[in-house]
Amino acid sequence: MLRLTVLISFLIAAPSFANGTYSNVLTYNFGMATVSVAENESSITQTDDSVQVDEEESAGGSAVSAMSFQLTYEFLHDGRMSYFVKATAPLMSGAGTGVFAGHFGFNKYLNDLGSKYTYDLNGSKVVIVPTFRYYWGAAGGIGYLIYSTESATKSDVFFDLSFHGGGSFALGDNWGLKGELAVGRTTGVATTGIKIEFFFGATFFI
Amino acid sequence: MKTRLVLCLFMNISLLHAGEFIINSSPKDCEVSLVDANTGKKSVLGKTPYESTIEQVAGGLENGTLQIEVHKPGFIPYHIALPTTIGADVKLFANLEIEKDIKMNQDFDLLVGDLFDVLRMVRVKDYQNSFKKLEKLEKKFPHFSIIFEMKGMISYLKKNYKEALNFYRKSFGLNPKNREAYKMKVYLEKKFKLVGSNEN
């Protein structure tokens, strides 16, 4: 497939200002963020033999599932790739658990055109809006996790790396629907876990 | 496996989707043609506003680009090469420019009409408005000596001889073949022995 930027060319090139741009994309998503949490075992070992320890506390496990809201802003689009920042926050969850997170990552588009393309020249204009877009990508970020064990509600700060894939369908010149699935590994101070997220929402070319 | 199936399903839907292809233009009713890149042969698709699908227009094309011409008599033809991107809507707005000789004729028509207006105003001694009109014309036609000649005439009638001489000099400087400007310049220089502030 030929690159769109190469293909768009005027046969009559007027010696004046011309500008072709890919739109940035803003997405509002709602969905489920699930993190299976495993508490790290303590690395501190008993050195004082005079103290008797009757019980050893084993590492606990838990799972956090929360209906969440996600806001994503894609920028630096070149038609096939974009970078994004996104923020995730819980909306509804059991016992106040949930995941707050902020990420930075990239999307690699698998179809010809990953964003709305606009080209202006002397009052003439070409607008190309991709109907279907598919992508995969990776992201890294930090988050704050609130989870419950049998005995208490705890929290942890974590770093996570995730891979994601998704698609969107344009319903108009400036907006469409979007779905995304992400899987990642979280590594926190007190926990490690596997994160699975799926989100659906509306996406806007801005 | 399921993910693959879903992806395949989406991609098949994408291939089936007929991307809109819409062309609008200014002025309207322009002829839209598909140009064969190899032979240069044109086939007329319709008139603006034109609506079709990429697949319909690009049917049979092998090189993946559409060469479109939007044309109307009296205007410079607008050409563009577009990719035959599957699964995308393409909207084109062609702003056609008037052919240069037609535009020049229109400009001259405007100039002559406005100069007649200026003369009418001078006849009724409306020097202020006539001068304003000439200043507007000067912005659009800065290299026309007749405008400065008429400014000189108005200044002369207002008895601003020094200013009049400057305008006549400017007029003569722009067009040394302007005999009236030359005559008045020489007349004012000799008759009143004036020296203009702007030597042109």
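In what follows, every chain begins at residue 1, and chains take the letters A, B, ... in the order their sequences are listed.
Between A/Thr118 atom OG1 and B/Lys91 atom NZ the span is 11.0 Å, to the nearest 0.5 Å. To the nearest 0.5 Å, the span separating CG on A/Asp120 from CZ on B/Phe93 amounts to 11.0 Å. The CD1 atom of B/Ile54 sits 7.5 Å away from atom CD1 of A/Ile128, with the distance rounded to the nearest 0.5 Å. To the nearest 0.5 Å, atom OG of residue A/Ser124 and atom CD of residue B/Glu97 are 7.5 Å apart.
Annotation: A/Phe159, atom CZ; neighbour count of heavy atoms from other residues, nucleotides and ligands within 6.0 Å is above 12. Crowding of B/Met104 atom CE: a count of heavy atoms from other residues, nucleotides or ligands under 6.0 Å not exceeding 12. A 6.0 Å sphere centred on CD of B/Gln128 holds no more than 12 heavy atoms belonging to other residues, nucleotides or ligands. Counting non-hydrogen atoms of other residues, nucleotides and ligands closer than 6.0 Å to OH of B/Tyr182 gives a total of 12 or fewer. No more than 12 heavy-atom neighbours from other residues, nucleotides or ligands sit within 6.0 angstrom of NZ on B/Lys136. Residue-environment remark: CZ (A/Phe163) stays at or below the threshold of 12 foreign heavy atoms within 6.0 Å. Open room surrounds CD1 on A/Ile142; 12 or fewer heavy atoms of other groups in view lie less than 6.0 Å from it.
At least one side-chain heavy atom of B/Asp89 sits less than 4.5 Å from a side-chain heavy atom of A/Thr131. Counting only heavy atoms from C-beta outward, the side chains of B/Leu82 and A/Val126 approach each other to under 4.5 Å.
Between chain A and the options B/Val70, B/Asn24, B/Leu92, heavy-atom pairs under 4.5 Å are most frequent for B/Leu92.
In this structure a side-chain-to-backbone donor-acceptor pair under 3.5 Å is missing from A/Asn122 to B/Asn95.
With a 4.5 angstrom heavy-atom cutoff, A/Asn111 does not touch chain B via any of its atoms.
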